[in-house]
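FYI, the numbering just counts along the sequence from 1.
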Amino acid sequence: MNLNYARTATSASLILLSLVSFSSSAEVVLNATDKQQINALLDRWNDVFNHHADAQPQMVYADQVEWYGKSMSVQQVTASEQAFVKKNEAYYVQRIASQLMIQPAGDEESQSGRDDVRVTFVKNVTLSSGHEANYPAEFLVRKLPQGWRITGETDGVTRYNQKEKSGEKPDASVAKGKFDGKHVSYVWTTSFDPRTGEVCTEETECNSLLWSSDPGVAPVNVTDRLIEGIITLPSLDNSGRDRAVIHTGSYMGAWAPLYLYDIQQKQWIRDIAPISYNVNVEEELSDSDIIKPDTAHPGQVNVVRADMEAVGSGSGEVTKTTSEKLLVLQ
């Protein structure tokens with residue numbers, strides 16, 4: 001896959017998880033009361049699934065909702081959710097597992113083009129089978145005369161599977177693979193300003209976390225920069241583990257470090273040091289060109305890194321290739 005893919009393809013979907021803030025001339029301006037009410041709205045939504053006796057679905061949704069890729073009336077959504085809850089009422093438990101990130105939605109995401117607000121968070125679900133999993137939840141909400149209501153609901157894993165099933169190429173907001181070498185899981189990132197807990201931007205400090213759908217694998221802080229995408233890179237060694245390649249946004253004009261992670265002993269492991277990447281000299285290289293197995297040295301990879309000094313001077317070889325050992329926990 002070309003590295004440029006993580007920067008350009010399906011950027012609207014990618015932004016939902018990387019939480020990059022985009023401005024719009026008609027953006028909603030949110031105050032503290034709005035954010036409190038949006039938090040209360042998502043609490044009511046959570047109550048519906050957790051069988052609270054006083055839960056009222058009609059107090060949660062707008063009249064028309066984009067629900068997991070389908071346009072549905074509030075009555076259809078309510079009926080679907082009530083049927084799901086009844087089917088799973090003996091086992092299903094759901095909780096909001098991370099802070100809600102709230103920001104105005106861009107025109108390309110908003111149903112109205114200007115009135116919707118994006119809300120993203122990680123939800124943890126225990127299904128009727130007893131299986132527990134994390135999901136990157138994605139919502140659009142809007143302030144209506146009767147109060148804040150949900151106008152759009154989905155999650156990144158569902159969207160990935162829908163695109164895969166239809167033959168479309170999934171976007172780079174979620175990756176799928178056997179990152180522990182045994183079990184298929186989904187991975188994604190979230191970002192927030194560590195000082196305020198709010199959405200981070202290119203102008204603020206940022207904590208970017210790597211998550212797994214396996215709740216037994218705790219999220220890990222990857223970088224203090226915004227994340228642009230995450231993709232799967234298989235077969236770097238004989239461990240059976242796929243690797244997650246994490247793409248960051250450019251800084252200093254064209255530099256964008258790449259990170260390589262897998263899961264070992266139920267924890268995220270950074271396999272090699274961050275890779276210096278320069279879009280001006282490496283944009284035609286795919287991830288499998290940047291990182292490939294060193295066939296002469298099992299357990300090692302050949303890594304192409306941009307040479308900052310050579311790029312800056314405009315002379316000499318602008319990239320260097322080194323053989324590096326993949327980190328393996330003993």
Side-chain angles (χ1 to χ4, degrees), residues 12-13 15-17 19 21-22 24 26-88 92-125 134-160 162 173-174 188 190 198-199:
S13 296
I15 291 166
L16 283 170
L17 291 200
L19 303 175
S21 179
F22 280 75
S24 168
E27 269 188 359
V28 177
V29 177
L30 299 170
N31 57 36
T33 299
D34 289 324
K35 292 178 180 180
Q36 290 173 355
Q37 292 174 349
I38 291 171
N39 270 275
L41 170 65
L42 270 298
D43 284 339
R44 296 199 301 273
W45 165 83
N46 198 46
D47 288 346
V48 170
F49 285 97
N50 287 328
H51 332 301
H52 286 211
D54 58 349
Q56 303 178 55
Q58 67 273 19
M59 298 291 292
V60 173
Y61 292 98
D63 290 342
Q64 199 70 22
V65 183
E66 189 69 17
W67 199 69
Y68 291 90
K70 295 182 179 180
S71 182
M72 301 175 68
S73 69
V74 61
Q75 291 82 8
Q76 290 173 312
V77 172
T78 299
S80 296
E81 292 188 341
Q82 288 177 337
F84 179 86
V85 169
K86 184 176 181 180
K87 180 180 178 181
N88 294 277
Y92 188 92
V93 178
Q94 173 179 287
R95 66 184 181 89
I96 296 174
S98 73
Q99 182 174 357
L100 270 59
M101 304 305 296
I102 302 170
Q103 67 185 107
D107 289 352
E108 72 279 3
E109 295 172 62
S110 172
Q111 293 180 9
S112 68
R114 60 186 176 87
D115 294 333
D116 286 344
V117 170
R118 184 190 313 118
V119 184
T120 58
F121 57 91
V122 177
K123 66 178 180 181
N124 177 267
V125 171
N134 292 330
Y135 293 86
E138 307 170 0
F139 287 77
L140 291 175
V141 302
R142 188 184 308 161
K143 193 173 187 178
L144 300 174
Q146 64 268 38
W148 285 96
R149 294 292 186 270
I150 294 169
T151 60
E153 177 180 348
T154 189
D155 67 72
V157 170
T158 296
R159 188 179 62 248
Y160 183 103
Q162 287 172 335
S173 63
V174 174
W188 62 91
T190 60
E198 300 288 334
V199 173

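- The minimum heavy-atom distance linking Val122 with Ser98 is given by the pair N-OG, 2.8 Å.
- For Glu198, the salt bridge (charged side-chain N to carboxylate O under 4.0 Å, His left out) partners at least two apart in sequence or on another chain are Lys35.
- Taking all atoms of both residues into account, the shortest heavy-atom contact from Val157 to Tyr135 is CB-CD2, 3.9 Å.
- By the 30° and 60° cut-offs, the orientation of the rings of Trp45 relative to Phe139 is perpendicular.
- The closest side-chain heavy-atom distance from Ser173 to Trp188 is not below 4.5 Å.
- Across all their heavy atoms, Ile96 and Leu42 have their closest contact at CD1-O, 4.0 Å.
- In summary, the side chains of Gln94 and Asn124 do not present any donor paired with an acceptor at a separation below 3.5 Å, with no hydrogens or angles considered.
- Between Thr151 atom OG1 and Leu144 atom CG the span is 8.0 Å, to the nearest 0.5 Å.
- Heavy-atom minimum distance, Ser71 versus Gln64: OG-NE2, 3.2 Å.
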Residue pair Lys143, Asp115: steps toward the salt bridge (Lys or Arg N to Asp or Glu O under 4.0 Å) verdict
CA-CA 8 Å; Lys143 193 173 187 178; Asp115 294 333; over 6 Å; no

I would like to know whether Thr190 and Thr120 meet side chain to side chain contact (heavy atoms under 4.5 Å, CB included); could you show each step before the answer?
CA-CA 9 Å; Thr190 60; Thr120 58; over 6 Å; no

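- Taking CD of Glu66 as the reference point, atom CD1 of Ile150 lies at 13.5 Å (rounded to 0.5 Å).
- Note that the OG1 atom of Thr154 and the CD atom of Gln162 stand 5.5 Å from one another [nearest 0.5 Å].
- Taking both residues in full, the closest heavy atoms of Asp155 and Ala137 are given as CB-CA, 4.1 Å, listed atom of the first, atom of the second, then distance.
- Side-chain atoms of Asp34 and Asn31, non-hydrogen and from C-beta on, do get closer than 4.5 Å to each other.
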Evaluation steps, side chain to side chain contact (heavy atoms under 4.5 Å, CB included), between Gln75 and Thr78
CA-CA 5 Å; Gln75 291 82 8; Thr78 299; 5.8 Å; no

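- Note that CD1 of Ile102 and CZ of Arg118 are 12.0 Å apart. Values are rounded to the nearest 0.5 Å.
- No side-chain heavy atom of Ser73 sits less than 4.5 Å from a side-chain heavy atom of Asp63.
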Run the numbers on Gln76 and Lys70 for side chain to side chain contact (heavy atoms under 4.5 Å, CB included), then give the verdict.
CA-CA 11 Å; Gln76 290 173 312; Lys70 295 182 179 180; over 6 Å; no

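- Looking at every heavy atom in both residues, Trp148 comes nearest to Ile38 through CD2-CG1, 3.8 Å.
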Go through the steps to decide whether Val125 and Val93 satisfy the test side chain to side chain contact (heavy atoms under 4.5 Å, CB included), and finish with yes or no.
CA-CA 6 Å; Val125 171; Val93 178; over 6 Å; no

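- Among the candidates Glu81, Met72, Arg149, the single residue satisfying the side chain to side chain contact (heavy atoms under 4.5 Å, CB included) test with Tyr61 is Glu81.
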